[in-house]
> 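For reference, the structure I am asking about is given below.
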Amino acid sequence: MRILVQICIILIFFGCSNIKNKIDHPLLINLIVPKDKYSLILKHHFYKNFNTSDKNSNKTTVKAHLIFNTNNALSINGSDNLKIVNGTVNFQIFDKLNAKVLKSGSISSSINTGSVSSLYGVDKNNDFAKERISKYLASKLYRKILLNIKNGEN
């Protein structure tokens, strides 16, 4: 019994010593977005995906603007009205040294939302759709910027 207690104490001490310390690196890409809810979600998930080990990316600034549009659509049987939520990110990639535009463009994505009967449900459904689009567009913007950085090296 005594040996078992000693083994548990040793495991507790050595088990806790292997905790990884997170080191915060400065962000190498400066993403500038408006201060609204969905743009901040886009920014958060962009930085969540971004790898800070690329040393060539410290000279860039990205300005992004997120726009949503909602359109009506019919379902297959024609009885339910569905909504299609379109999200578009307009972006410009600037060189930080010269402040010139390296690349500009837009990325878009859409989600169709189901028919919900209550007004509260419709609002929440649209909010969740916009959040999903913001997260997805953040990953697409991340990949687009990585391609631009890799192509800029050559």
> Let's go through Ile107 and Leu141 carefully: what are the C-alpha distance in whole Å and the side-chain angles of both, what is the deciding distance for side chain to side chain contact (heavy atoms under 4.5 Å, CB included) to 0.1 Å, and is it a yes or a no?
CA-CA 7 Å; Ile107 303 170; Leu141 181 63; 4.2 Å; yes
> To the nearest 0.5 angstrom, please state how far the CD1 atom of Ile93 sits from the NZ atom of Lys63.
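Taking CD1 in Ile93 and NZ in Lys63, the distance rounds to 13.5 Å.
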> Flag the pair Val62 / Phe46 as yes when at least one side-chain heavy-atom distance between them is below 4.5 Å, and no otherwise.
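The answer is no, as the side chains (C-beta and beyond) never meet within the 4.5 Å cut-off.
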> Within this structure, what is the OG-CZ distance for the pair Ser109 and Arg132, rounded to the nearest 0.5 Å?
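Rounded to the nearest 0.5 Å, the OG-CZ separation comes to 10.5 Å.
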> Work out which heavy atom in Ile41 is nearest to a heavy atom in Ser134; give both atom names and the distance.
CG2-CB, 3.9 Å
> Indicate yes or no: at least one non-hydrogen side-chain atom of Val101 is less than 4.5 angstrom from one of Ser104.
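When only atoms from C-beta onward are counted, Ser104 and Val101 do touch, with a gap below 4.5 Å.
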> Only counting residues at least two apart or in another chain, list the ones meeting ring-ring contact (aromatic ring centres under 6.0 Å, His included) with Phe91.
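Not a single residue meets the ring-ring contact (aromatic ring centres under 6.0 Å, His included) criterion with Phe91.
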> Is Thr88 close to Leu66 at the side-chain level, that is, under 4.5 Å between some pair of heavy atoms?
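When only atoms from C-beta onward are counted, Thr88 and Leu66 do not touch, as no gap falls below 4.5 Å.
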> Find the distance between NZ (Lys135) and NE2 (His45) and round it off to the nearest 0.5 Å.
4.5 Å
> For Ser108, is there any backbone N or O sitting under 3.5 Å from a side-chain donor or acceptor partner on Lys140?
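A pair under 3.5 Å: yes.
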> I'd like to know if the side chain of Tyr47 and the backbone of Leu31 have a donor-acceptor N/O pair within less than 3.5 Å.
yes
> Could I get the full list of side chain to side chain contact (heavy atoms under 4.5 Å, CB included) partners for Ile3, not counting sequence neighbours?
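Side chain to side chain contact (heavy atoms under 4.5 Å, CB included) check on Ile3 returns Ile7.
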> Return the set of residues passing ring-ring contact (aromatic ring centres under 6.0 Å, His included) with Phe68 (not counting sequence neighbours), or none when no residue passes.
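With sequence neighbours excluded, Phe68 shows a ring-ring contact (aromatic ring centres under 6.0 Å, His included) to Tyr38, given in chain and number order.
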> Can you list the residues that meet the side chain to side chain donor-acceptor pair (under 3.5 Å) rule with Lys43, with sequence neighbours excluded?
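Lys43: no side chain to side chain donor-acceptor pair (under 3.5 Å) contacts found.
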> In chain order, what residues pass the side chain to side chain donor-acceptor pair (under 3.5 Å) check against Ser39, with sequence neighbours excluded?
Asp36
> Return the set of residues passing side chain to side chain contact (heavy atoms under 4.5 Å, CB included) with Ile84 (not counting sequence neighbours), or none when no residue passes.
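Only Ala73, Asn86, Ser110, Asn112 meet the side chain to side chain contact (heavy atoms under 4.5 Å, CB included) criterion with Ile84.
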> Could you tell me which residues satisfy side chain to side chain contact (heavy atoms under 4.5 Å, CB included) with Thr70, sequence neighbours excluded, listed by chain and number?
Lys83, Val85
> Sequence neighbours left out, what passes side chain to side chain contact (heavy atoms under 4.5 Å, CB included) with His44? Give chain and number order.
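Counting only residues at least two positions away or on another chain, His44 forms a side chain to side chain contact (heavy atoms under 4.5 Å, CB included) with Lys48.
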> Measuring from His65:NE2 to Ile32:CD1, what's the distance to the nearest 0.5 Å?
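His65 atom NE2 to Ile32 atom CD1 measures 14.0 Å (nearest 0.5 Å).
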> Can you name the closest pair of heavy atoms from Val89 and Ala64 and give their distance?
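Answer, listing the atom of Val89 first, then Ala64: CG1-CB, 4.0 Å.
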> If the condition is salt bridge (Lys or Arg N to Asp or Glu O under 4.0 Å), which residues does Lys37 pass it with, not counting sequence neighbours?
Glu131
> NZ/Lys130 to CD1/Ile133 distance, rounded to the nearest 0.5 angstrom?
9.0 Å
> Less than 4.5 Å apart, any side-chain heavy atom of Leu42 and any of Val33?
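Side chain of Leu42 against side chain of Val33, heavy atoms only: contact under 4.5 Å found.
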